[in-house]
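In what follows, chains are A, B, ... by sequence order, proteins preceding strands, each numbered from 1. For clarity, every value in this text was computed on a predicted model and none was experimentally measured.
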Amino acid sequence: MRLHEYQAKQVFADAGIPTPDSRLASTVEEVMDAVDEIGYPAAIKAQVHVGGRGKAGGIEIATSEAEAREAAESILGMDLKGYTVDKVLVEAGVDFENELYVGITMDRGEGEPVAMVSTEGGVDIESVAEETPEKIAREHIDPAFGLHPYQARKVVFEAGIPKDVAMDVASILTTLYDLYESKDASEVEINPVMITGDREVVAADAVMNIDEDALFRQPELAEMEDEAAGDELEAKANEYGFDYVRLSGNVGIIGNGAGLVMTTLDLVDYYGGAPANFLDIGGGAKAERVANALEMVFADENVDSVVFNIFGGITRGDEVAKGINEALAQFDEIPKPVVVRLAGTNAAEGMEILNEDLVQVESTLEDAVQRAVKNAEEVTQ
Amino acid sequence: MRLHEYQAKQVFADAGIPTPDSRLASTVEEVMDAVDEIGYPAAIKAQVHVGGRGKAGGIEIATSEAEAREAAESILGMDLKGYTVDKVLVEAGVDFENELYVGITMDRGEGEPVAMVSTEGGVDIESVAEETPEKIAREHIDPAFGLHPYQARKVVFEAGIPKDVAMDVASILTTLYDLYESKDASEVEINPVMITGDREVVAADAVMNIDEDALFRQPELAEMEDEAAGDELEAKANEYGFDYVRLSGNVGIIGNGAGLVMTTLDLVDYYGGAPANFLDIGGGAKAERVANALEMVFADENVDSVVFNIFGGITRGDEVAKGINEALAQFDEIPKPVVVRLAGTNAAEGMEILNEDLVQVESTLEDAVQRAVKNAEEVTQ
Amino acid sequence: MSIFVDDDTRVVVQGITGGEGKFHTEQMLEYGTNVVAGAVPGKGGQEVAGVPVYDTVDEAVDAEDADASVVFVPPAFAGDAVFEALDTDLDLVVAITEGIPTQDMAKVNKRLSEVDTRLLGPNCPGIITPGEAKLGILPGNIFEAGNVGLVSRSGTLTYQVVSNLTERGIGQTTAIGIGGDPIIGTSFVDALEAFEADTDTDAVVMCGEIGGEDEEQAAKFIAEHMDTPVAGFIAGRTAPPGKRMGHAGAIVSGSGTGTAESKIGALNDAGVPVGDTPNEVADHIEDFL
Amino acid sequence: MSIFVDDDTRVVVQGITGGEGKFHTEQMLEYGTNVVAGAVPGKGGQEVAGVPVYDTVDEAVDAEDADASVVFVPPAFAGDAVFEALDTDLDLVVAITEGIPTQDMAKVNKRLSEVDTRLLGPNCPGIITPGEAKLGILPGNIFEAGNVGLVSRSGTLTYQVVSNLTERGIGQTTAIGIGGDPIIGTSFVDALEAFEADTDTDAVVMCGEIGGEDEEQAAKFIAEHMDTPVAGFIAGRTAPPGKRMGHAGAIVSGSGTGTAESKIGALNDAGVPVGDTPNEVADHIEDFL
């Protein structure tokens with residue numbers, strides 16, 4: 001779960017990290033009130049989960065009332081890479097001399113968090129990592145002990161942060177790690193940390209991603225979850241507890257288990273089709289979950305054909321088949337052709353139970369996918 | 001630093017450990033108001049740092065107003081092993097079926113904290129440890145990870161705590177460890193944890209000792225330090241920053257370094273004298289510290305003779321000698337004979353500087369101690 | 001022969017009194033697994049499917065001389081349960097639980113470096129040595145004893161590949177699901193190393209997926225240390241960069257490594273044929289034997 | 001020969017810019033110690049007594065090829081400073097600082113078990129190999145090179161005993177103050193083991209005090225593993241039970257162990273004569289040589 005900039009900044013500020021004066025605004029008038037209080041220059045920043053907001057026109061600097069109004073009018077309500085902007089952060093402009101990068105994330109390979117510091121802040125840190133990795137100093141963190149103060153200093157000095165602000169940056173890093181740990185973050189990042197003309201350090205941006213699996217013990221952060229964020233179908237999947245990703249093809253895919261569903265996508269592609277989505281309904285296949293999944297995929301106007309691939313495992317195939325029958329019985333007419341393939345325990349019994357008036361049944365994964373691809377081709381022809 | 005029972009109980013209660021309803025009282029009327037609110041039976045408990053309060057008459061159970069008043073009158077103002085009782089805790093009596101022991105302390109040998117649980121609560125746990133050590137279950141705690149919940153359960157089950165309250169006791173233990181760590185305790189203990197007739201667990205006593213060396217980062221606990229507690233001279237030593245222990249003999253001892261001062265005590269004893277105190281003035285020997293130390297030892301009416309034993313180490317003997325001269329110059333008359341022995345760097349120069357009108361000078365530890373013992377004998381003859 | 005588990009493995013089930021724990025204990029027993037004890041705090045003295053339950057893993061291990069555990073404890077408590085198992089000197093701990101907070105696992109991972117116990121998972125289907133023992137939730141009936149080892153990051157994909165093998169009469173020495181979480185105990189390399197050392201394993205299937213660099217490391221290990229032939233499969237070729245697909249592991253960072261191309265390339269360079277479909281993987285294995 | 005430090009030891013001083021750090025750096029240099037660097041965050045690039053200062057221990061060690069450090073950092077930050085030193089692959093870290101919170105030291109102690117570095121202290125006077133190197137605050141002038149090893153929990157008591165030896169012309173191979181805190185790095189046993197292995201050490205003085213069980217363990221070690229003769233001294237015979245006397249260690253718990261009687265008894269049982277006065281310890285050593 002990714003916090004919005006304004007939410008992450010609040011979390012950082014509450015922990016004592018210096019941030020610019022700012023207000024959240026949802027209307028042009030609120031923006032104008034905010035700049036009135038904050039003064040000029042002010043940054044007006046779209047609060048949507050989109051990378052490269054600045055380049056896409058989601059961040060403007062206003063140096064006058066006229067500019068502020070113009071920026072507010074252009075940003076509020078705009079479509080930013082598919083997301084509608086309904087909130088902006090109005091923030092005091094910072095007069096800076098340097099821009100630094102600090103961040104903490106989990107290093108999967110090592111199985112421990114890693115702190116990263118660079119003097120190359122204010123730009124896309126991934127490019128820095130690829131092109132000039134030596135410009136990012138890294139320090140691994142023993143999760144049992146946490147980030148020792150000396151480690152924060154070490155990585156800051158190694159990165160070549162100017163001496164007069166080095167201890168301040170180290171202190172920000174220590175605070176960031178405390179937040180990373182206490183808030184169950186998967187990533188915390190400030191890019192850039194600005195060094196002002198007075199040699200103060202200020203967090204000019206704020207990224208905080210929370211481990212979804214730990215939200216149960218982070219009730220305050222869970223409340224910040226933006227339900228309206230993102231694609232409508234993805235929001236619905238979230239509600240149903242599905243792992244769902246919408247793609248651009250026309251073959252709808254439902255299955256159980258991430259690896260198997262991914263493989264089904266790959267096979268659709270392999271046999272010349274184009275996947276419309278990834279949808280993992282998880283363990284078991286109760287009628288209600290099956291119905292919800294079908295409803296979602298049918299609701300996607302891009303979908304022309306559906307393949308339903310379940311490897312029963314412990315769950316018996318006959319139970320799954322009953323679930324599918326029940327789910328399909330809810331539709332007066334099946335809107336799009338559905339190919340079902342059942343495998344695993346009691347798969348044969350399951351396939352007999354399936355109502356072939358409603359679905360097409362195939363016994364191998366390859367056959368099922370090929371048939372679904374063919375169904376999709378027939379629709380588009 | 002040891003918290004009073006009422007202070008420790010407040011800390012425990014704030015952390016969610018169940019404690020009986022209680023009020024602190026300093027006068028008989030306050031006690032009567034408290035029992036009015038709490039009801040009977042009520043325990044009236046002297047708040048002084050003395051072991052075995054109960055046996056010494058510092059704890060009474062009152063079942064009526066008359067008994068409460070009588071208990072309040074007898075306990076408030078009483079002398080308990082040298083400490084005057086000026087506060088009592090008035091506490092709801094608990095109807096209990098079992099008394100358990102839980103505690104956490106540092107195991108020096110292992111260099112890690114150890115959690116201890118026993119069904120033999122309500123009695124002197126040291127005796128249990130000596131006579132039936134198998135009745136105390138122990139679990140060592142890795143200080144990097146803290147007490148894992150499973151460890152709390154394990155030690156509780158191993159101790160044979162009744163199953164219906166085992167998880168509650170484990171939860172108290174987990175909370176205790178959090179306090180132990182977050183408050184820099186050197187010891188936390190509840191003896192007894194009472195199990196009530198309703199199978200609730202209640203902390204009927206509370207012990208919390210704080211690491212003196214960590215008080216700088218525990219400002220709230222540092223404020224609880226009871227300045228009036230204990231011996232007047234020990235309180236004064238605390239003020240001066242000396243390590244001081246008052247003993248029962250008549251040879252006052254001042255020195256630098258715990259090991260050397262202890263050795264000086266041992267030698268006083270070895271040569272037939274009796275030490276009046278342990279006083280370590282620590283590193284260096286600035287005139288003011290020397291003067292404070294002398295003033296303290298002179299103020300002890302038991303002291304008949306003083307031995308001042310300084311091994312200069314890095315500090316030069318001539319500097320120490322000047323300090324002693326300055327300190328002694330503040331007294332019109334030296335009230336008790338002082339033997340000084342200087343050793344280490346520039347000791348010879350130091351001994352020349354010393355004003356032999358004011359002090360007796362010896363060059364070896366053995367000679368200095370023997371002379372001081374002789375001085376004391378002469379006074380008492 | 002087999003790796004990690006066999007007839008002699010004596011298993012404790014942590015969380016045996018829960019719905020999942022109870023169901024799969026029955027399944028494991030039915031398969032013939034030596035489930036000797038359960039461990040659930042406060043439930044000591046009960047029995048589940050004839051298996052005695054103890055309050056702590058320590059007690060269970062002491063009383064029943066167990067050497068492995070399977071963890072069916074809910075995610076909020078599973079990190080602690082794995083710690084408990086690791087601190088009990090077991091040979092193997094299999095963590096089935098899905099959704100353990102990553103930072104809990106980072107701490108488990110640290111302890112793991114201090115003990116000799118092997119951890120499998122979390123978020124994995126478990127391990128099976130067909131005909132001898134299964135620890136976890138794998139459907140026993142699709143497996144058959146034989147001479148092919150299998151190691152996979154995914155559950156149902158494993159079943160798919162196993163079916164393709166079994167259908168052709170190709171049995172398995174041991175099949176292992178290592179789990180799809182960012183931090184796991186046993187890696188591809190660990191499993192491959194064990195298969196290489198197992199004289200009964202004549203070929204190995206390795207099913208990877210996008211995200212992370214474990215497959216790349218496995219490819220390096222195969223090239224440098226393995227004589228036993230390996231066939232591979234990589235799920236997620238069509239996954240768009242930056243999208244999370246189910247497993248936390250299945251994210252393509254977009255930075256060159258972690259993509260299906262990178263993994264397939266690395267495996268091919270190590271002499272490992274990678275199937276385009278699960279069935280093709282079975283073809284490659286058939287060629288090896 | 002000597003133990004732990006000698007002519008070649010290259011020393012970093014942590015906290016070199018502080019009052020204590022600066023003073024004792026000068027003293028160490030004057031004694032001939034190879035102080036090659038200082039480490040103080042933010043003070044990198046400065047010089048103290050001609051010694052270059054670095055921002056981190058890591059930098060200092062890399063730049064000056066150091067193998068030991070001495071910590072003069074104030075107690076609130078000393079635990080972190082010791083961690084920093086331990087994570088830099090030094091051979092020896094000497095922590096002079098008094099008053100480090102015990103729980104900080106418990107964490108340091110845990111890390112200590114994970115690295116190969118030796119920690120001496122904290123709350124100790126340091127270590128000296130007369131004529132070669134001193135790391136710490138010991139007054140160099142009272143020592144003399146020779147063939148007697150000395151290990152002590154206390155500072156000024158060490159000086160006292162050393163004076164008694166030196167006055168008689170008995171010199172020392174190495175003298176070590178292990179510190180009086182509840183949790184310390186190098187123990188009596190560690191030091192005794194090293195002295196036993198040192199061919200130039202012909203006798204050893206061990207100065208203990210009440211509290212803890214280190215002296216009892218040392219006695220056991222001496223009985224079982226040492227040929228080199230040892231003479232002992234125990235401070236605190238007259239200490240009343242339950243009273244804390246200066247060192248956190250110097251508490252008699254009242255439970256049989258930790259008392260002067262227990263320690264003297266254990267040493268005597270191990271064949272170690274224990275002096276009633278520091279001078280008597282020197283008598284015993286003289287008898288040995």
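Proximity to chain C at a heavy-atom threshold of 4.5 Å picks out nothing from residues 96-104 of chain B. For residues 165-182 of chain B, heavy-atom neighbours of chain C at less than 4.5 Å comprise B:M167, sorted by residue number. When the heavy atoms of residues 190-210 of chain B are compared with those of chain C, none of the residues falls under 4.5 Å. Using a 4.5 Å cut-off between non-hydrogen atoms, the part of residues 145-152 of chain B that approaches chain C consists of B:F145, B:H148, B:P149, B:Y150.
Atom CD of B:E134 has more than 12 neighbouring heavy atoms from other residues, nucleotides or ligands inside a 6.0 Å radius. By the 6.0 Å contact criterion, CG on B:D21 is enclosed, its count of non-hydrogen atoms from other residues, nucleotides or ligands being greater than 12. Counting heavy atoms of neighbouring residues, nucleotides and ligands inside a 6.0 Å radius, atom CG of C:D116 does not exceed 12 of them. By the neighbour-count criterion of 12 heavy atoms within 6.0 Å, atom NZ of B:K135 is sparsely surrounded, having that number or fewer from other residues, nucleotides or ligands. Atom OH of C:Y31 sits in a crowded spot, with more than 12 heavy atoms from other residues, nucleotides or ligands closer than 6.0 Å.
Counting heavy atoms from C-beta on, the side chains of C:T88 and B:K154 never come closer than 4.5 Å. Residues B:K163 and C:D55 meet the side-chain proximity criterion, which asks for heavy atoms closer than 4.5 Å.
For chain B, the option among C:R111, C:K107, C:K110 with the highest count of heavy-atom pairs below 4.5 Å is C:R111. Between chain B and the residues C:D58, C:D80, C:V57, the most heavy-atom pairs under 4.5 angstrom are made by C:D80.
Heavy-atom distances place the side chain of B:D142, and not its backbone, under 4.5 Å from chain C. The contact between C:E114 and chain B is made entirely by side chain atoms (from C-beta outward), counting heavy-atom distances below 4.5 Å.
Separation of atoms CD (C:E59) and CD (B:E158) is listed at 8.0 Å; rounding is to 0.5 Å.
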